[in-house]
Amino acid sequence: MAAAAAMAASRRLLHLRPELGLRLRSRALIPYPSWTKAMGRCRYEPSPRRLSSCRRAAKNERPWRSSSNEQLTDGDGTAKYMGRNFPDEFAQLSLEEEESDDEVHGISETMVKDVEKAAVELLAVRAFTVSDLRKKLRAKKFPDNAVDSVIDDFKSRGLLNDGYYAESFSRSRWLSSTWGPKRIKQALRQKGVQDAEVDQATRRVFQDGHSNQTMYGISEDSMDHLFEQAAKQWQRGQSLPLENRRARVVRWLQYRGFNWAVTNAIVRKLEAQKPP
């Protein structure tokens, strides 16, 4: 009676707490095989055919599933519980975690994708130099090595090019705001563009190869465009004395980054023109 009560209590315990089955011995108290009584106590008699089936299933990688909360031990000592091989299952889980978060040059692939997404979102709004984009990404608290990896990748794919940026920036500021070479160069250097690319960009904008060059370092077409813009400033100060009118245009040209040679040539041309 005591043995039967202990066996029933074990069944109830493992039914409520199945995880405890892993801590029991290989011969659990809730087996599928039959039990017999001998010498006044319960004795466990495993079924050779049933255990053989388990071994065959494990060998073929098809775990045997029982219909009850049951633990059996395979021939190699591996615990099989509820038809699941726990060591193999944990190994598979670890493998999946490694595959889901591969590392590229010591950097998490997930982190690299996050940096790429942030960089694309920034570039979709406006163009950036390499230096400016790096500052923006680091300001978002991304690791430096991940940011540098994405920057190098974007440069190799042509998504970042300081030379193209410098030329586009120079042409835009020249046509829309009448900035001169000096001010454009200063702005590009502040954005981290190298001097060689800055000089090349300003030469392409102010010294067009299809126009004749002048002694002032900019093409005739550029001088004509600058004179048209300066003439507007000259007309706005027509009520002022000549000296004040001249000083007003000089400040306007100097502020925009034109050297003294260009400034003097424009002022002399304005003074020489006949009043309307």
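Positions are given from 1 along the sequence.
At distances below 3.5 Å, at least one donor-acceptor pair connects side-chain atoms of Arg248 with backbone N or O atoms of Gln233. Distance alone, capped at 3.5 Å, is enough to place a donor-acceptor pair between the Gln207 side chain and the Gly217 backbone. Judged by distance alone, the side chain of Thr263 and the main-chain N or O of Asn259 form a donor-acceptor pair under 3.5 Å. Counting only distance, with no hydrogens or angles, the side chain of Ser168 and the backbone of Tyr165 share no donor-acceptor pair below 3.5 Å.
For the pair Arg138 and Asp148, the salt-bridge criterion is met [side-chain N within less than 4.0 Å of a carboxylate O]. Contact check on Lys232 versus Glu228 returns no salt bridge, with no Lys/Arg side-chain nitrogen under 4.0 Å from an Asp/Glu carboxylate oxygen. Ion pairing between a basic and an acidic side chain is recognised when a charged N comes within 4.0 Å of a carboxylate O; Asp199 and Arg203 show no such pairing. The existence of a salt bridge linking Arg246 and Glu243 is confirmed by a sub-4.0 Å separation between a basic side-chain nitrogen and an acidic carboxylate oxygen.
Going from atom CG of Leu188 over to atom OG1 of Thr129 covers 9.0 Å, rounded to the nearest 0.5 Å. For the atom pair CZ (Phe169) and CD (Glu167), the distance works out to 13.5 Å, reported to the nearest 0.5 Å. Rounding to the nearest 0.5 Å gives a distance of 10.0 Å between CH2 of Trp179 and OG of Ser170. Separating the NE2 atom in His225 from the OG atom in Ser219 is a distance of 10.5 Å, to the nearest 0.5 Å. Note: Lys140 NZ to Leu122 CG = 5.5 Å, rounded to the nearest 0.5 Å. Taking CG of Leu123 as the reference point, atom CZ of Phe128 lies at 7.0 Å (rounded to 0.5 Å).
Atom CZ of Arg268 has 12 or fewer heavy atoms from other residues, nucleotides or ligands within 6.0 Å. Within 6.0 Å of atom CD in Gln194, 12 or fewer heavy atoms from other residues, nucleotides or ligands are found, so the atom counts as exposed in its surroundings.
Between Phe227 and Gln229, every side-chain heavy-atom pair lies at or beyond the 4.5 Å cut-off. Side-chain contact between Lys155 and Leu159: absent, with no pair of heavy atoms (C-beta onward) separated by less than 4.5 Å. Side chains of Val250 and Tyr255 form no contact here, defined as non-hydrogen atoms less than 4.5 Å apart.
Annotation: cation-pi geometry not satisfied between Arg171 and Trp174 (NZ/CZ under 6.0 angstrom from ring centroid, within 45° of ring axis).
The two residues Met111 and Ala146 come nearest to each other via the heavy atoms CG-CB, 3.8 Å.
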